[in-house]
Amino acid sequence: MCDTRRVTATGARARVRAELTREITEVARRHLASGGASALSLRAVARELGMASSALYRYFPSRDDLLTALIVDAYDALGGAAEAADARVAREDLRGRWVAVCRSAREWAIAHPHEYALVYGTPVPGYAAPQTTIGPASRVGEVLCGQIRDGVAAGAIATGADATGADATLAPGIAERIGLSAGTAGPMSSLAARAIFGWTALFGMISFELFGHMTNVVEHREEFFTDAANRVAVLIGVP
């Protein structure tokens, strides 16, 4: 027979742990904004929360564990923004979906510059991202690849129009992983390479703007970005 008191106590402990974990990551994000990822300190976070360092270690055994949590949160927030933007546009409007996702990624980055810098800026010395970051990091790319797959399925995106064979430049298995393999596009296709070009172009443009490389170069940045997103779409074959 189930002991309801034990179940209730377990649920209460889980809620308390989840709430404290949220508070820890919120404080850590503030420290990230003020001092950067390299300066993030578990002791400083514990001090602000009024906790003993030993107590905080029960939630995050090391600084790297806390960094990983912040990285996963950032990727998930960015991915969620991209997925929501894609869902708001009619499925057949491939160009509209593409530009909407690109704009949503830029808007999120501008609103969360320190979190963006954590995942797309200078690597943190001594930190190696674990496998758990791969899925969250792939969410925006998966949205963009999904749009290309939809275009191929509808006959709107040519799979081997340039026949460059650029897919051969990619790491083995990547084209299959993103659903744009040679079996779909043919051995001389550049379909997967074009998709990855679009993804890297997107974050290259955002990073240039966010890290100050457009200062004294581009005045109307939102308009410039939207035009550039459309141009990238043309280059990779999104109608």
Intermediate values then yes/no, side chain to side chain contact (heavy atoms under 4.5 Å, CB included), F208 and V217: CA-CA 11 Å; F208 250 62; V217 177; over 6 Å; no
R43, CZ atom: more than 12 neighbouring heavy atoms under 6.0 Å: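 No - once you tally the heavy atoms of other residues, nucleotides and ligands closer than 6.0 Å, there are 12 at most.
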Going by heavy atoms in the side chains, are [X] and [Y] under 4.5 Å from each other?
X	Y	answer
I196	T200	yes
H31	E48	yes
I236	W98	yes
F60	T25	yes

Under 3.5 Å donor-acceptor, [X] side chain and [Y] backbone:
X	Y	value
S41	A44	yes
D227	F224	no
R95	V238	yes

Restricting to non-hydrogen atoms, name the atom on [X] and the atom on [Y] that form the minimum distance, rounded to 0.1 Å.
X	Y	value
V232	A201	CG2-CB, 4.0 Å
W199	G141	CD1-CA, 4.1 Å
A37	L67	CB-CD2, 4.1 Å
L191	D167	N-OD1, 3.4 Å
L170	A192	CD1-CB, 3.7 Å
R63	L42	N-CD1, 3.5 Å

Can you get from [X] to [Y] by hopping between Ile, Leu, Val, Met, Phe, Trp and Tyr side chains that sit under 4.5 Å apart?
X	Y	answer
F211	I110	yes
V27	I71	yes
M214	L210	no
F197	L94	yes

Candidate pair F225 and I206, rule side chain to side chain contact (heavy atoms under 4.5 Å, CB included), full reasoning: CA-CA 8 Å; F225 181 88; I206 293 172; 3.8 Å; yes
Straight-line distance of [X] [atom1] to [Y] [atom2], nearest 0.5 Å:
X	Y	atom1	atom2	result
E223	R221	CD	CZ	11.5 Å
R47	L56	CZ	CG	11.5 Å
E83	D76	CD	CG	8.5 Å
R97	I148	CZ	CD1	10.5 Å
R194	L180	CZ	CG	9.5 Å
E23	M51	CD	CE	9.0 Å

Trace of the salt bridge (Lys or Arg N to Asp or Glu O under 4.0 Å) decision for R149 with E142: CA-CA 10 Å; R149 289 194 297 269; E142 177 56 34; 2.3 Å; yes
Check against side chain to side chain contact (heavy atoms under 4.5 Å, CB included), L202 and V140: CA-CA 10 Å; L202 166 62; V140 176; 4.1 Å; yes
Ion pair R22/E19, N-O distance below 4.0 Å: yes
Test side chain to side chain contact (heavy atoms under 4.5 Å, CB included) applied to R139 and L78, step by step: CA-CA 8 Å; R139 287 177 67 174; L78 175 56; over 6 Å; no
Side-chain polar contacts of residues 114-132 - donor-acceptor pairs under 3.5 angstrom, sequence neighbours left out - could you list them?
unit_1 : atom_1 : unit_2 : atom_2 : d
Y116   : OH     : F203   : O      : 3.3
Y116   : OH     : S207   : OG     : 2.8
Y127   : OH     : T68    : OG1    : 2.6

Which residues share a side chain to side chain donor-acceptor pair (under 3.5 Å) with R106, sequence neighbours left out: E209
Salt bridge (Lys or Arg N to Asp or Glu O under 4.0 Å) between D86 and R91, worked out: CA-CA 8 Å; D86 182 57; R91 300 296 82 194; 3.2 Å; yes
